[in-house]
Amino acid sequence: MPELPEVETTRRGLLPHTQHRAIVDIVVRQPRLRWPVPANLAVLAGGQTLVGLERRGKYLLFRLTRGTIIIHLGMSGSLRILDSAAPAGIHDHVDIVLDSGQCIRLRDPRRFGAVLWAGPDEPDHPLLASLGIEPLTPEFDGDCMYRLSRERKNSIKALLMDSHHIVGVGNIYANEALFHAGIHPTLAAGKLSRPRCHRLALAIRDTLDKAIAAGGSSLRDFVGSDGMPGYFQQQYFVYARADLACRVCGQPIRLLRQNQRATFYCPQCQKK
DNA sequence: ACATCTACCTGGAGGC
DNA sequence: TGCCTCCAGGTAGATG
């Protein structure tokens, strides 16, 4: 599942193959993603040069000479660099064809992803306007976490996963970061002490940094191969480990449901 | 302003 | 083997 680390790894993998390349065509085989892929995308972007590739939360921003292609991977999306003549599979919905003879190919079996356009006069798409803080920037620290959590009655886990406050943290890394910070996922956000906010901010940053590092080293066949890029297998401490022994204390990991999402935690290591 | 719920989609797992 | 049901996930938009 693409969360911030997977999207960032994708960005870094694509960068050397896309920078300063011109777009010669955009092939849309399936326009029905989360929102319809703009019908005139090839006209809007064709002939332009890719001058930058940025990430905002889980959105990838392909900056062109005039305008931006915005791609979100949803929960099953992946991007790869392939020879543009490579046969497309059933879930290969969009190709951005480059003047190198290669293409950026979007595969997304569940079609929760999105391919959108922002014109040169609208540097930010409305979708990006209400996003929260980037957890890997210097501005995100314990003080920030403290400020964000004040007066909030919902759980700290729900707050971490709310992109209006903090971007990039999905279910997997919310579970993992709370484990590393020793915080019980159902604790009301507003009850977190200042020291625990500092601990949590560090845990979020550290968890994401380590996942990006793991992705960079294991995502070897980003280019060329016809298989999925294979989002790196991480050694999780709690995620998807219900009833298994905690890697730290040996207690069985517990599973509960919060806001229709699976929450995993260690009853010994994580306290209210 | 905040909190909670629903919809979107499909592959894979488990039950019968 | 095949059919059915359920689940996973991100997040905008609706609802409370």
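Lettering follows sequence order; numbering is per chain, from 1.
Contact annotation: A:His165 does not reach the phosphate of B:dC2 (side-chain N/O to OP1 or OP2, under 4.0 Å). For A:Arg111 and B:dT10, the shortest distance from a side-chain N or O to OP1 or OP2 is below 4.0 Å. Taking 4.0 angstrom as the limit, A:Tyr59 places a side-chain polar atom (N or O) nearer than this to OP1 or OP2 of C:dA12. Distances shown here put a side-chain N or O of A:Lys58 below 4.0 Å from the OP1 or OP2 atom of C:dT11. The phosphate of C:dA8 (OP1 or OP2) has no side-chain N or O of A:Arg110 nearer than 4.0 angstrom. Phosphate proximity of B:dT10 to A:His91: absent, as no side-chain N or O sits under 4.0 Å from OP1 or OP2. Regarding contacts with the backbone of B:dT4, every side-chain N or O of A:Gln260 stays at 4.0 angstrom or more from both OP1 and OP2.
Aromatic ring pairs are classed by plane angle as parallel below 30°, tilted from 30° to 60° and perpendicular above 60°; the pair A:Phe237 and A:Phe179 is parallel.
Taking atom CD1 of A:Ile70 as the reference point, atom C1' of C:dA12 lies 15 Å away to the nearest angstrom. Between A:Phe112 atom CZ and C:dG10 atom P the separation is 10 Å, expressed in whole Å. If you take CG of A:Leu127 and P of C:dG10, they are 17 Å apart, rounded to a whole angstrom. One can place CZ of A:Arg150 at 16 Å from C1' of B:dC2, the figure rounded to the nearest angstrom. Between the NZ atom of A:Lys157 and the P atom of C:dG10 there is a distance of 9 Å, given to the nearest Å. Protein atom CD of A:Glu3 is 13 Å distant from nucleotide atom C1' of C:dT11, rounded to whole Å. If you take CG of A:Asn259 and P of C:dT15, they are 19 Å apart, rounded to a whole angstrom. Residue A:His164 contributes atom NE2, which lies 12 Å from atom P of B:dC2 at whole-angstrom precision.
Checked by atom type, the side-chain pair A:Thr207/A:Glu176 shows no donor-acceptor distance below 3.5 Å.
Using a cut-off of 4.0 Å between Lys/Arg side-chain N and Asp/Glu carboxylate O, A:Arg29 and A:Asp95 are scored as salt-bridged.
A cation-pi contact, defined as under 6.0 Å to the ring centre and within 45° of the axis, is absent between A:Arg241 and A:Phe264.
Residue-level contact check: A:Arg261 touches the bases, meaning some heavy atom is under 4.0 Å from a base atom.
With C:dA8, C:dT11, B:dG11 as the candidates, the nucleotide lying closest to the side chain of A:Pro109 is B:dG11. Of the candidate nucleotides C:dA8, B:dG11, B:dC9, B:dC9 has the atom lying nearest to any side-chain atom of A:Arg32.
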